[in-house]
Amino acid sequence: MKLVELVEAGDIAGVVRELAALPPERRGACAAGLRAHRAATSRRASAPEVKAALSAAELGCRVTPEAAASWLLTYRYFKVGTWTVDVLDLHPVAWRAELAARLGERATASDTVYTLTEHLVHDTGCPLPASRRFILAWLFNRADNRERPARVLGGVPGADLLERLRADAFTPKLLPVAVRRPGRLVLGRPGWLLEVLVALTAEGFADRDELVDNLYADLAGDPPGGAEAAAVLKTLALTPAEGARVAAARATPAARATPAARSALAARSAPVTPVTPVTPVTPVTPAESAESGVLASATAPGESRSGSRAVRADARRSER
């Protein structure tokens with residue numbers, strides 16, 4: 001097979017030319033042979049250009065968006081290059097747009113998958129994915145701020161994550177979605193992300209009340225360790241009015257129940273009656289009351305997880 005010979009020679013440009021010369025059905029027929037070649041050479045040390053040529057050939061022989069998405073999600077740690085765009089451009093715009101949608105639905109924190117999905121969004125003008133996984137991958141990518149290879153579209157300039165998100169055309173669309181379930185994004189990583197979300201909501205990119213209310217709901221439904229809860233509360237820095245609102249919400253039976261029980265209560269539209277509080281020994285402010293409720297529901301300090309996570313460690317954990 002000529003494609004295998006070009007792969008063995010590390011001739012990436014030759015692989016792209018050969019793929020372009022073959023009709024889709026012929027390319028699809030080569031997939032099995034390339035898969036066998038990968039299996040036969042998997043234990044052999046190969047030069048980077050040989051690995052890239054094999055990736056180009058295999059991706060080019062996935063002739064449906066479904067097959068291409070499956071391959072990209074399986075081999076999601078290869079280095080994106082100009083060849084990647086050349087291979088994707090063998091397909092029409094509608095094909096590439098469908099691939100973007102499939103990758104967006106199943107996005108991981110893999111920088112490769114996110115980078116290609118963002119490129120396809122810019123390239124085709126297709127709808128921006130808004131799944132939780134895609135949003136998390138977007139934030140990781142903006143935090144890393146890796147330089148794109150030639151012809152790979154995407155990325156935002158800026159000195160830090162906050163500056164990049166301010167300038168990002170994706171932020172007005174994705175940040176409001178992120179704050180609907182902020183706990184899934186920030187619990188365990190308040191240091192590097194929650195501060196940015198708080199700053200952006202203050203600037204009007206999303207609703208701060210929604211961020212506060214939803215984050216407290218997430219804390220109550222799936223409490224992190226005590227140290228993490230304390231870090232979240234410190235970063236939020238509730239105003240007296242916010243503290244009173246959160247404390248009142250936490251006093252209802254629905255807020256004190258499990259997530260499943262809360263859903264059942266909401267479905268029945270049962271009236272909620274405030275729970276009579278135990279007489280406090282020392283008066284507390286509404287904000288202190290809200291904070292104590294969250295911290296009391298968190299795990300004991302000896303069981304708490306570390307609130308400090310590197311961006312890379314977050315990415316690996318989110319894929320598990």
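Since this is a predicted model, take the numbers as computed values, not measurements. Residue numbers run from 1 in the order of the sequence given.
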*Using modelled atom types only, decide if a donor and an acceptor are shared between the side chain of Trp138 and the backbone of Ala130 within a distance under 3.5 Å.*
no
*Does Leu165 offer a backbone N or O that forms a donor-acceptor pair with the side chain of Thr171 under 3.5 Å?*
yes
*Can you sort out the partners of Lys2 under salt bridge (Lys or Arg N to Asp or Glu O under 4.0 Å), two or more places apart, ordered by chain and number?*
Glu18
*Aromatic ring proximity Tyr114/Phe134, centre distance under 6.0 Å*: yes
*Ignoring hydrogens and angles, tell me if any N or O in the side chain of Arg27 forms a donor-acceptor pair with the backbone of Gly60 under 3.5 Å.*
yes
*For Thr84 and Val152, what are the C-alpha separation, side-chain angles and deciding distance, and is it a side chain to side chain contact (heavy atoms under 4.5 Å, CB included)?*
CA-CA 8 Å; Thr84 320; Val152 178; 5.9 Å; no
*Roughly how far, to the nearest 0.5 Å, is CG of Asp144 from CD of Glu147?*
14.0 Å
*Does any N or O in the side chain of Asp168 come within less than 3.5 Å of the main-chain N or O of Arg164, such that one atom is a donor and the other an acceptor?*
no
*Do Glu49 and Asp11 come within less than 4.5 Å of each other through their side chains, counting heavy atoms only?*
no
*Which distance, rounded to the nearest 0.5 Å, do you find between the CG of Asn145 and the CG of Leu161?*
9.0 Å
_Quick test of your reading: applying salt bridge (charged side-chain N to carboxylate O under 4.0 Å, His left out), list the pairs with at least one residue in residues 77-91, sequence neighbours left out, ordered by first then second residue._
Asp86-Arg151, Asp89-Arg96, Asp89-Arg151
*How far apart are the closest heavy atoms of Thr117 and Gly104, and which atoms are they?*
CG2-N, 4.2 Å
*Heavy atoms, side chains only, cut-off 4.5 Å: are Leu88 and Leu120 in contact?*
yes
_I want to check something: taking the side chain as every heavy atom from C-beta on, are Tyr216 and Leu238 in contact at a cut-off of under 4.5 Å?_
yes
*Close side-chain approach of Pro23 to Arg26, heavy-atom, < 4.5 Å*: yes
*Between Val156 and Phe205, is there a shared hydrophobic cluster once you connect ILVMFWY residues whose side-chain heavy atoms come closer than 4.5 Å?*
no
_Using 0.5 Å steps for rounding, measure from the CG atom of Leu175 to the CZ atom of Arg180._
11.0 Å
_Contact between Asn141 and Thr115 at the side-chain level, heavy atoms closer than 4.5 Å - yes or no?_
yes
*asked:* Show, in sequence, the C-alpha distance, side-chain angles and deciding distance for Glu105 and Ser131, and conclude whether the side chain to side chain contact (heavy atoms under 4.5 Å, CB included) test is met.
replied: CA-CA 6 Å; Glu105 290 173 359; Ser131 67; 5.8 Å; no
*Heavy atoms only: give me the nearest Ala178-Ile135 pair and the separation to one decimal.*
CB-CG2, 4.0 Å
*Between CD on residue Glu98 and OG1 on residue Thr124, distance to nearest 0.5 Å*: 11.5 Å
*Can you establish whether the number of heavy atoms outside Glu163 located under 6.0 Å from its atom CD is more than 12?*
yes
*Please determine if Glu242 and Arg208 form a salt bridge, counting it only when a charged side-chain N lies under 4.0 Å from a carboxylate O.*
yes
*hydrophobic_cluster_shared for Val63 and Leu59, side chain cutoff 4.5 Å*: no
*asked:* Could you measure the distance from the CG atom of Leu54 to the CZ atom of Phe78? Nearest 0.5 Å is fine.
replied: 11.0 Å
_Cys61 to Leu3 - nearest heavy-atom pair and separation_ = SG-CD1, 3.9 Å
*Of all the heavy-atom pairs spanning Leu6 and Ala53, show the shortest one and how long it is.*
O-CB, 4.4 Å
Donor-acceptor list for residues 36-43 side chains, cut-off 3.5 Å, not counting sequence neighbours:
{"unit_1": "His37", "atom_1": "NE2", "unit_2": "Glu8", "atom_2": "OE1", "d": "3.4"}
{"unit_1": "Arg38", "atom_1": "NE", "unit_2": "Glu58", "atom_2": "OE1", "d": "2.8"}
{"unit_1": "Arg38", "atom_1": "NE", "unit_2": "Glu58", "atom_2": "OE2", "d": "3.1"}
{"unit_1": "Arg38", "atom_1": "NH2", "unit_2": "Glu58", "atom_2": "OE1", "d": "2.5"}
{"unit_1": "Thr41", "atom_1": "OG1", "unit_2": "His37", "atom_2": "O", "d": "2.8"}
{"unit_1": "Ser42", "atom_1": "OG", "unit_2": "Ala39", "atom_2": "O", "d": "3.2"}

*Should Arg142 and Glu118 count as an ion pair when the cut-off is N to O under 4.0 Å?*
yes
*Minimal non-hydrogen separation, Ala68 against Trp95, with atom names*: CB-CH2, 3.6 Å
*Can you find a heavy atom in the side chain of Pro129 that is under 4.5 Å from one in the side chain of Val121?*
yes
*asked:* Any heavy-atom pair between the side chains of Pro149 and Val85 that's under 4.5 Å?
replied: no
*Criterion side chain to side chain contact (heavy atoms under 4.5 Å, CB included) on Val80 and Arg148, from CA distance to verdict*: CA-CA 8 Å; Val80 174; Arg148 262 64 170 174; over 6 Å; no
*Taking His119 for its side chain and Leu153 for its backbone only, find out whether a donor-acceptor pair lies under 3.5 Å.*
yes
_Are the side chains of Arg102 and Pro65 in contact, using a 4.5 Å heavy-atom criterion?_
yes
*Classify the angle between the aromatic ring planes of Trp71 and Tyr75 as parallel (below 30°), tilted (30 to 60°) or perpendicular (above 60°).*
tilted
*What's the shortest heavy-atom distance between Val7 and Val50, and which atoms?*
O-CG1, 3.6 Å
_Under 3.5 Å donor-acceptor, Thr201 side chain and Asp207 backbone_ = no
*At what distance, to the nearest 0.5 angstrom, does CZ of Arg62 lie from CG of Leu72?*
10.0 Å
*asked:* Are Phe140 and Leu162 connected into the same hydrophobic cluster when the rule is that any two of I, L, V, M, F, W, Y join if their side-chain heavy atoms are below 4.5 Å apart?
replied: yes
*Could you give me the CA-CA distance, side-chain angles and deciding distance for Arg76 and Asp111, then say whether salt bridge (charged side-chain N to carboxylate O under 4.0 Å, His left out) is met?*
CA-CA 8 Å; Arg76 60 185 181 274; Asp111 200 62; over 6 Å; no
